[in-house]
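Model, not experiment: these values are computed from the prediction. The first residue of the sequence shown is numbered 1, and numbering continues consecutively from there. First listed ligand is number 1; within each ligand, the first listed atom is number 1. Worth knowing before you read on, the calculation uses all heavy atoms, side chains too, and leaves out hydrogens, waters and symmetry mates.
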Amino acid sequence: MDFGRKMYFSTLDDSMKEQGVVDTGEPLSRDLVSLSSMGVGSSYRARLEVEVKAPASAPLDSGPVAPVAPVAPVAPGAPGGAAARNRRRARRRAEVRGDVEDAEPGGCVVLIREDCRLHDNPALHTAADMHDWIVPLYVHDDDDPSPWPVRGAGLWWRHESLGFFDKSLQGLGSRIVYRKGKLLEQVMDVMLTTGAKALHFNLQLEPWHHQRDLDLEAAVVSLGLEVRTFTAMVMKFEPWEARREGPPRPRRAPLPTLTGRLPRPPEWPWSMPLAALGYGRTGGRRIPPGFRQFNEKRQAMLDTGGDPKEDDWAYEMRSFWPMGEHAAMRRLEEWLKDAAWGCYFPPGLHPRDEVGGRFRADKAWTAMLSPYLRFGDLSPRYVEWRVCQVLSHELRHLFLKRVVWRDKAYSQLYRCPDSHSVSIRPHYEQETWAGTRRQLRRWQRGETGFPLVDAAMRQLWKVGWMCNHLRHVTAQFLIEHLDLSWKDGFAWYDYTLVDTDVAINAMMWQMGGHSGIGSWNFVMHPIYAGKKVDPEGNFVRRWLPELRHLPPEYIHCPWEAPAGTRISAQVLVNGKYWQRVIEDLVAARLAHQRNVILVRKRFPQYVDKDGNEVIRLANGQVLHLDVRDDIRENDEDNITLMMTADDPRSAIRRNLGTTKGVHSGLIYEEAKKFEALYDAFDARRPQPSRTRDRAKERATRRNQFGELVAGG
Ligand SMILES: Cc1cc2nc3c(=O)[nH]c(=O)nc-3n(C[C@H](O)[C@H](O)[C@H](O)COP(=O)(O)OP(=O)(O)OC[C@H]3O[C@@H](n4cnc5c(N)ncnc54)[C@H](O)[C@@H]3O)c2cc1C
């Protein structure tokens, strides 16, 4: 497939304008002003220092920049093509003439991080266009400042990603140089040994990595070398650019796939082999012994230099995921076809109608692009571009709204850098959790006795991924039913997801744990959700083969099956399949909710008059945050269980009654229980919250200090 020819009509020039590589004429302190107004200025002061120190020829991407010589437009599909070649030749001639000014560009080191791709890679494109030769460099940073450095499944993905990208570069006559050590030292070493004059990289978005980038820039610039940084990881905005108001962001054209030959350095610097980084080993390195996948035998075998293939944790991941940039683009094209047919969002359905499309667990109807986006095999801007070319307005809006959540997650982490380990609503740090370690282990291993939860958790373990809906189901099962902290879930996901991303993971788990900027206004029920997203039980059969002979009406509640059915299906609950970790779901939820309400009562300063919550950020900004409908009342004796996404009164829920057998009885009975609770709840409320005019409410809200506050 020729993506370059068909899909692009941007020039490198356009893109560079958007990247801020040409002079925008804006004042130097823009970045700093906006950061300090967000209360994070002090730790990022390095940005201004770098800008002040930088010579006029060293513009930086996210800050305003000094003018550089205009870059000639490059024909689509041929970046670094004829124009760049001519310019390089001209420079070489200038060098021979001794005209040093013209010969300035020299060689360039391009840092490879989460951008393992030839398409839409501004750091690499610009280097190919501007410099005589390029050294792509990957450094494993021994001093990685991240509190959650990539490990487990994510590390395996990174290994594969790098390997595939290396092969693509070799196809263009280049390669990756691998190093291990302190980032700054290794970059300096490569720059000085090769004599490179410039360093290019695409910016990372986590606050700690951003700070490391600023330090690196400062150090390189202080040696009189040039640094250029670029925006490549986000679809719309980088964390430091995020604003609540302002004109809508224009769509930015992705850069075309690099073709032709990439100029090689006169001599390649020393490189270790990729395998020596150890990312590809899947024997459980660095896994706490309490974790399920810690396998002493496997670890011992690896420690003694054994062959990891012998007992390969990533075996199923390897066969499940096609890897690399081309595979990512193919997956995007496949999904676009499905989505255009209506698989993602079936025609005639309301976007919130959770009966089909992207909510189905037994179909591959979501994009399944998250790990490719996470490790940069695929550019979010490229995804946006293709989606806008192919899908109708309604479909594209629905999908891109999801992709832009990535950008939002990074900007949330930027503003709340502790949110991976500390509740954003501070009082929830004092919540007591009744769940046990044993229950946690059963959840991690997919042994809760609730087939949908177990199948999802085993899918996660085996292939490192599950769809968004099931992430909600399993997360809420942990928090709402097992009464275990969101932090336990976060840690497990962080290790086992191939798309592991501190920013998104923290944002989502905090939402589930009631303590985030946002909060989920629904509770998933492990059996109802199963009937809805896996009506025939195919998903459960795929990942829980011990239940494969059960008929569909019992597949989501095997304990209800008559003894004869269980014997013929070879399912022995509490023998071959697990007995439920808890039996009374309603009681479990009540217990959890009491703990939540207890915290709210202990810390009334965070609870507003209307039952929502209000927090003050370090910069003095007051945030008024929504609380889930059923908790807002703060009434311990009359807790109601609002299950908005699994509302027993919904038409979908009613349709479950068409299922034959004892199962339908169970569903019906349970639905009735919730309905009675609902009715009691509604009777006490003047107005159902879901029909309230939230915009109007927000406009007149006051916090506990009596101040008028804006929405959260
Ligand atoms: C508890 C929990 C933890 C999660 N942890 C992660 C994580 O570590 N890494 C991760 O990439 N996603 C995470 N997600 C978000 C989401 O579940 C995945 O991005 C999604 O399932 C990926 O599948 P897809 O590509 O088929 O998504 P689609 O639904 O097809 O969406 C397309 C793309 O949009 C982005 N996206 C979708 N939903 C979200 C979201 N809620 N937040 C941010 N971006 C989103 C992803 O990049 C995704 O690839 C988490 C969700 C929950 C509920």
Side-chain angles (χ1 to χ4, degrees), residues 114 148 150-154 157 205-206 233-236 321 328 331-332 334-336 338-339 343-345 351 354 357-361 363-384 386-387 391 395-396 398-413 419-420 443 456-457 459-460 463-480 485-513 516-520 522 524 529 533 645:
E114 277 128 22
W148 292 91
V150 177
R151 2 167 250 158
W157 188 285
L205 306 172
E206 296 87 356
M233 314 290 188
V234 286
M235 187 172 87
K236 289 283 180 208
W321 292 101
R331 173 63 205 152
L332 174 64
E334 273 165 26
W335 177 78
L336 282 172
D338 286 349
C343 294
Y344 189 69
F345 178 28
E354 299 190 358
R358 65 198 175 97
F359 298 104
R360 287 291 289 263
K363 312 275 183 200
W365 280 348
T366 64
M368 296 180 74
L369 291 175
S370 47
Y372 300 112
L373 288 167
R374 166 68 181 90
F375 289 100
D377 306 290
L378 194 60
S379 147
R381 276 198 313 224
Y382 177 78
V383 171
E384 183 191 27
R386 275 302 284 153
V387 163
L391 298 184
L395 270 175
R396 95 170 63 135
L398 192 76
F399 179 74
L400 294 178
K401 229 168 58 183
R402 303 210 60 75
V403 183
V404 91
W405 269 86
R406 287 179 71 246
D407 302 10
K408 286 189 200 166
Y410 297 127
S411 65
Q412 182 166 314
L413 184 68
S419 58
H420 51 86
W443 177 82
M457 294 308 289
Q459 180 189 26
L460 173 63
V463 301
W465 185 87
M466 65 170 104
C467 69
N468 188 54
H469 197 78
L470 292 183
R471 292 185 202 203
H472 281 102
V473 172
T474 50
Q476 288 203 314
F477 189 78
L478 184 83
I479 295 168
E480 302 282 335
S485 166
W486 63 268
K487 292 174 192 171
D488 292 319
F490 169 88
W492 185 253
Y493 272 26
D494 179 74
Y495 193 84
T496 50
L497 280 171
V498 282
D499 59 27
T500 173
D501 190 312
V502 182
I504 306 177
N505 207 15
M507 176 179 73
M508 298 309 284
W509 277 101
Q510 290 246 13
M511 283 172 95
I517 298 283
S519 155
W520 295 340
F522 53 77
M524 302 285 186
V533 302

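- Residue, atom and distance of the protein heavy atom nearest to atom 14 (N) of ligand 1 are R471 NH1, 3.4 Å.
- Of the protein's non-hydrogen atoms, the one nearest atom 27 (O) of ligand 1 is T366 CB, 4.4 Å.
- Listed by number with element, the atoms of ligand 1 under 4.0 Å from a non-hydrogen atom of Y493 are 1 (C), 2 (C), 3 (C).
- Scanning all protein heavy atoms for the shortest distance to atom 3 (C) of ligand 1 gives N505 OD1, 3.4 Å.
- Note on ligand 1: R406 sits in its first shell, one or more heavy atoms being nearer than 4.0 Å.
- Counting only heavy atoms from C-beta outward, the side chains of M466 and Y493 approach each other to under 4.5 Å.
- Within ligand 1, the atoms closer than 4.0 Å to a non-hydrogen atom of T500 are 8 (O), numbered from 1 in the order shown.
- The shortest contact between atom 37 (C) of ligand 1 and any protein heavy atom is with R402 NE, 3.7 Å.
- Atoms of ligand 1 found under 4.0 Å from any heavy atom of L373 (numbered from 1 in listed order, with element): 47 (O), 49 (O).
- The shortest N or O to N or O distance between L369 and ligand 1 is under 3.5 Å.
- Residues F490 and H420 form a side-chain contact, since some pair of their non-hydrogen atoms from C-beta on lies under 4.5 Å apart.
- Remark: minimum distance from atom 24 (P) of ligand 1 to any protein heavy atom is reached at M368 N, 3.4 Å.
- Remark: minimum distance from atom 1 (C) of ligand 1 to any protein heavy atom is reached at W509 NE1, 3.5 Å.
- Residues W157 and L497 form no side-chain contact, since every pair of their non-hydrogen atoms from C-beta on lies 4.5 Å or further apart.
- Looking at W335 against ligand 1, nothing comes within 4.0 Å, counting heavy atoms.
- Residues passing the ring pair (Phe, Tyr, Trp, His ring centres under 6.0 Å) test with F477 are F450, H481, sequence neighbours excluded.
- Looking at heavy atoms from C-beta onward, R386 lies out of side-chain contact with L378 at the 4.5 angstrom threshold.
- Atom 17 (O) of ligand 1 has its closest protein heavy atom at N468 OD1, 2.8 Å.
- Residue D501 places at least one N or O, backbone or side chain, under 3.5 Å from an N or O of ligand 1.
- Not a single heavy atom of K408 sits less than 4.0 Å from an atom of ligand 1.
- For the pair W321 (side chain) and V463 (backbone), a donor-acceptor distance under 3.5 Å is present.
- Ligand 1 lies out of reach of F490, whose nearest heavy atom is not under 4.0 Å from it.
- In terms of protein heavy atoms, atom 22 (C) of ligand 1 is closest to S370 OG, 3.1 Å.
- Residue contact check for ligand 1: Y372 places no non-hydrogen atom closer than 4.0 Å to it.
- Atoms of ligand 1 lying under 4.0 Å from at least one heavy atom of V403, given by number and element, are 33 (C), 34 (O), 35 (C).
- Using a 4.0 Å cut-off to heavy atoms of M466, the atoms of ligand 1 that qualify are 21 (O).
- The salt bridge (charged side-chain N to carboxylate O under 4.0 Å, His left out) analysis of residues 466-479, with sequence neighbours excluded, yields the pairs R471-D499.
- Here is the list of ligand 1 atoms found below 4.0 Å of a heavy atom in W465: 22 (C), 23 (O), 26 (O).
- With salt bridges taken as basic N to acidic carboxylate O contacts below 4.0 Å, one links E334 and R331.
- Ligand 1 has a nitrogen or oxygen under 3.5 angstrom from a nitrogen or oxygen of A367.
- A donor-acceptor pair is defined here as one N or O able to donate and one able to accept, closer than 3.5 Å; no such pair exists between the side chain of R406 and the backbone of V234.
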